[in-house]
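Data first, discussion second: the structure below is written as structure tokens.
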Amino acid sequence: MCGRFACGLAPDVVRRLSTYMNSQTQETILPPYIDLMSSIQPFRTSWNLPPTSTCLCLISAKHLDETEDSATRVLCSMRWSLVPHYHKGSLNEYKPILNNCRVETIEEKPTFNVPLKNGRRCVILAEGFYEWKQNVPKTPYFIYETEPLINEKHYPNIDTDKILEKIDKDNQGKLPLLAMAGIFDINRNCETDPLYSCTVCTVDASETMLNVHVRMPAILTTQQEIDQWLDFGRYDTEKVLPLLVSHNDIQMYRVTPSVGSTKTNDMNNIRPFIADQNNKTISPNRNTLDSFIIKGKSFEEPTSKNDNIKKTKKTPTKRGQSSIEDYMFKDTKSSRKRFKK
DNA sequence: CCAGACGTTGTT
DNA sequence: GTCTGG
DNA sequence: CCAGACGTTGTT
DNA sequence: GTCTGG
């Protein structure tokens, strides 16, 4: 499932990271950014985005301009939590919080199938998402595909070029972005007309994800998958729904319990978190990853009777030799797996 | 015909 | 327990 | 998703 | 808007 995520990168950075090769023209294109939520609730960079907040996503440009080719992409902001096209009245009068939609039943639910028939598919961009393991006390994890930048000196409020340089150098050019498949709709009855809102498609948890939860977002992993998911002109529903499968090429670590409150929206949320012997919080404030390692703390799973969580093997950490990998769940198997219903 | 629903999650 | 706000 | 509130009256 | 139930 996906009920909270992080996107602390400025729209301009996300835009630059969304540079793509147009499959029709073979041109490298920097997509335009269109803040569709500017008059309602403009996108704000945050490491703690809950349902109903404004997020960033990619859609086909043809949704906004009929004359555009459907392979052309646009980066835009939308409300996360679908407000269906049929809803009448104000935004807040719509009670169900539709932040997720189940892939298994997407075609039998009118709320999702109608936008789907209109090709309203989007890709919601995040550095990673959070999941609370439902033990006592419940413990939050940050789940991601590519390691995010976790040195606050580098973003969000610095020069875009410098961040890109940093990603290129420290992240081997891998993009610290997760592409979650989503459905969006347009509501023209609200006083906030038109309202663009989206929902994250969910699938059964993959092996790695099962450490924490039984559902997970459908993640798109290649430019080809993103191309097909977005290009409703060339790929119909039947062709693209099979793209939405459990994905196992993810990593995760525990994060601070303070991520529970949406008031806490700083970068500490996506740093590895370690509890002390009494399971009390060691505040990650001002700590960099290195300072955890220097304290010699290991990644400890909370234990409880019902817990069958896998423990990561712990090797004593030496100063200066440890890396973020010491705090991760590791994948051992292939990146993809299909799970039968 | 009109009225009313239209959803996911987790938990029991 | 249930709703609202973020 | 989680956290936090959940209320009225009269008076300053 | 569109489907289901009465």
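Hydrogens, waters and symmetry mates are skipped; everything else that's a heavy atom, side chains included, is used. Chain letters run A, B, ... following the sequence lines, proteins first, then strands; residues in each count from 1.
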| query | Toward the 5' end of DNA chain B, which comes first, C2(A) or T111(A), by nearest nucleotide? | reply | T111(A)
| request: Using whole Å, report how far NE2 of H87(A) lies from C1' of dG7(B). | output: 15 Å
| task | State which of dT4(C), dT8(B), dC2(D) makes the closest approach to the side chain of K95(A). | result | dT4(C)
| query | Without hydrogens or angle criteria, can the side chains of D35(A) and S77(A) be said to hold a donor-acceptor pair below 3.5 Å? | reply | yes
| message | So, does S81(A) get its side chain near the phosphate of dT8(B), meaning an N or O under 4.0 Å from OP1 or OP2? | response | no
| task | Would you mind telling me which of dT8(B), dC2(D), dG1(E) lies closest to the side-chain atoms of H85(A)? | result | dG1(E)
| So what does S53(A) hit on the nucleic acid, given a heavy-atom distance under 4.0 Å: a base, only sugar-phosphate, or nothing? | nothing
| request: Using whole Å, report how far CD1 of I97(A) lies from C1' of dG5(C). | output: 10 Å
| field | Nucleotide dC1(D), atom C1' - distance to CZ of R79(A) in whole Å | value | 14 Å
| Do L58(A) and L125(A) have side chains that get closer than 4.5 Å, going by heavy atoms? | yes
| said: Please confirm whether the shortest side-chain N or O distance from K109(A) to OP1 or OP2 of dT8(B) is below 4.0 Å. | reply: yes
| query | Cut-off 3.5 Å, side chains only: do S258(A) and T256(A) have a donor facing an acceptor? | reply | yes
| message | Please report the distance separating the P of dA3(D) from the corresponding atom of dT11(B), rounded so that it comes out in whole Å. | response | 14 Å
| query | Side chain of P50(A): nearest nucleotide among dC2(D), dG6(C), dT4(C)? | reply | dG6(C)
| query | Just how far, in rounded Å, is P of dG7(B) from CG of N99(A)? | reply | 14 Å
| query | Under the 5.5 Å and 30° test, is Y130(A) stacked on the base of dC1(D)? | reply | no
| query | Separation of F43(A) atom CZ from dG6(C) atom P, in whole Å? | reply | 18 Å
| field | dT8(B) phosphate, OP1 or OP2, under 4.0 Å from R215(A) side-chain N/O | value | no
| When we call it a touch if two heavy atoms are under 4.0 Å apart, what does Q134(A) touch: a base, just sugar-phosphate, or nothing? | sugar-phosphate
| query | Are any of Q41(A)'s side-chain N or O atoms less than 4.0 Å away from OP1 or OP2 of dG5(C)? | reply | no
| said: Roughly how many Å apart are dT9(B) and dC1(D), using the P atom of each and rounding to a whole number? | reply: 8 Å
| task | Using the P atom as the reference point in each nucleotide, state the distance between dG10(D) and dT2(C) in Å, no decimals. | result | 33 Å
| field | Pair R215(A) + E104(A), salt bridge at N-O below 4.0 Å | value | yes
| Short side-chain N/O contact to dC2(D) OP1/OP2 from K263(A), under 4.0 Å | no
| field | Polar contact flag, side-chain donor to acceptor under 3.5 angstrom, N48(A)-S46(A) | value | no
| query | Which base, if any, makes a Watson-Crick or G-U wobble pair with dA5(D), both distances under 3.5 Å? | reply | dT2(C)
| task | Verify the contact: side-chain N or O of T202(A) to OP1 or OP2 of dT8(B), cut-off strictly under 4.0 Å; return yes or no. | result | no
| task | Pick the P atom in dG7(B) and in dG7(D), then give their distance to the nearest Å. | result | 31 Å
| Close aromatic pair by centroid cut-off 6.0 Å: F5(A) and W80(A) | yes
| field | Length of the CG-P vector between L49(A) and dG6(C), whole Å | value | 15 Å
| query | For F112(A) and dC6(B), what is the distance between atoms CZ and C1' respectively, to the nearest whole Å? | reply | 9 Å
| said: I need the CZ-P distance between R4(A) and dG5(C), as an integer number of Å. | reply: 16 Å
